[in-house]
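Position 1 is the first residue of the sequence; numbering continues from there.
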Amino acid sequence: MDGLDTPVSGKFWADTQRLKTSSSGYNRLADHLAAALESYQSRASEIGNCWGEDEMGRAFGQTYEAGSADLERALGDLVEIAAKIGENVAGMAQTFEAADVAAQDAVDVFENASENVGSGFDSRPGGGRRS
């Protein structure tokens with residue numbers, strides 16, 4: 001989009017290319033977090049229940065298992081959050097680009113209508129050449 005990604009003095013603007021780049025960065029982060037979760041789950045399953053069934057082993061196991069479950073849940077949540085941020089940022093870029101196109105289309109319609117004032121052309125919807 002030529003010229004649509006540049007700031008206009010005193011006006012709101014967005015760098016849609018940077019938003020798209022940021023979006024893919026969040027998607028890569030989600031992939032890395034998912035790999036970390038999978039790696040953790042694999043390691044946790046390798047360890048298994050190796051702390052014994054005596055009182056001390058059961059106490060350790062309860063603490064370990066609770067912490068392990070918390071870590072799995074947190075990593076899973078981070079995967080979802082990073083992916084959702086990536087999706088939302090990409091959507092934001094598309095929305096800004098669509099708004100820019102719609103605004104330019106509106107300007108073009110206005111400019112075309114202004115050029116035709118007094119020309120015998122009716123620029124209203126359904127208009128046309130006046131007799």
Side-chain angles (χ1 to χ4, degrees):
M1 306 214 129
D2 265 355
L4 294 179
D5 291 340
T6 57
V8 177
S9 180
K11 304 291 181 187
F12 178 79
W13 69 280
D15 184 340
T16 56
Q17 193 55 48
R18 280 183 74 184
L19 287 170
K20 290 175 187 177
T21 300
S22 175
S23 171
S24 63
Y26 279 105
N27 293 333
R28 283 190 306 277
L29 175 60
D31 291 343
H32 290 301
L33 289 166
L37 174 58
E38 187 176 310
S39 177
Y40 173 74
Q41 289 169 328
S42 176
R43 299 301 164 261
S45 112
E46 286 173 8
I47 292 172
N49 181 350
C50 62
W51 39 82
E53 290 299 321
D54 62 356
E55 185 178 332
M56 187 177 285
R58 285 191 303 274
F60 174 82
Q62 287 176 341
T63 302
Y64 172 84
E65 288 172 349
S68 179
D70 288 346
L71 180 58
E72 271 192 61
R73 200 170 22 262
L75 282 171
D77 289 347
L78 288 172
V79 169
E80 289 180 27
I81 291 167
K84 190 64 174 171
I85 290 172
E87 180 183 316
N88 289 344
V89 170
M92 193 171 18
Q94 290 172 345
T95 299
F96 284 133
E97 287 177 343
D100 282 345
V101 168
Q104 187 59 55
D105 288 348
V107 167
D108 291 346
V109 166
F110 178 76
E111 286 177 348
N112 290 336
S114 297
E115 291 171 3
N116 292 315
V117 169
S119 68
F121 181 79
D122 185 352
S123 61
R124 295 174 293 187
R129 184 89 29 218
R130 285 186 239 154
S131 310

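Between Asp70 and Arg73, at least one side-chain nitrogen of the basic residue sits less than 4.0 Å from a carboxylate oxygen of the acidic one, meeting the salt-bridge criterion. Between Glu55 and Arg58 no salt bridge is recorded (no basic side-chain N to carboxylate O distance below 4.0 Å).
Closest approach of Ala93 to Leu19, counting heavy atoms only: CB-CB, 3.8 Å. Glu87 approaches Asn27 most closely through the heavy-atom pair N-OD1, 4.4 Å. Here the shortest heavy-atom pairing between Ser23 and Gly86 reads OG-O, 2.6 Å.
Within the model, atoms CD1 of Ile81 and CG of Leu33 stand 10.0 Å from one another, a figure rounded to the nearest 0.5 Å. Distance check: Asp77 CG to Lys84 NZ gives 14.5 Å after rounding to the nearest 0.5 Å. Remark: Leu75 CG to Tyr40 OH distance equals 8.5 Å, nearest 0.5 Å. Distance CG/Leu71 to OH/Tyr64: 9.0 Å, rounded to 0.5 Å.
Between the side chain of Thr95 and the backbone N or O of Gly91 there is at least one donor-acceptor pair closer than 3.5 Å. Side chain of Thr21 to main chain of Gln17: a donor-acceptor pair is present (N/O by atom type, distance under 3.5 Å, no hydrogens or angles).
By the 6.0 Å contact criterion, CZ on Phe110 is open, its count of non-hydrogen atoms from other residues, nucleotides or ligands being 12 or less. Crowding of Glu72 atom CD: a count of heavy atoms from other residues, nucleotides or ligands under 6.0 Å exceeding 12.
Placement of Phe96 and Val107 in two distinct hydrophobic clusters is found when ILVMFWY residues are connected by side-chain heavy-atom separations under 4.5 Å, directly or transitively. Note on Val101: it does not cluster hydrophobically with Val109, by side-chain heavy-atom contacts below 4.5 Å among ILVMFWY residues.
No hydrogens or angles considered: a donor-acceptor pair under 3.5 Å links the side chains of Gln104 and Asp108.
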Side chain to side chain contact (heavy atoms under 4.5 Å, CB included), that's the test. Do Glu46 and Ser42 meet it? Break it down for me. CA-CA 6 Å; Glu46 286 173 8; Ser42 176; 3.8 Å; yes

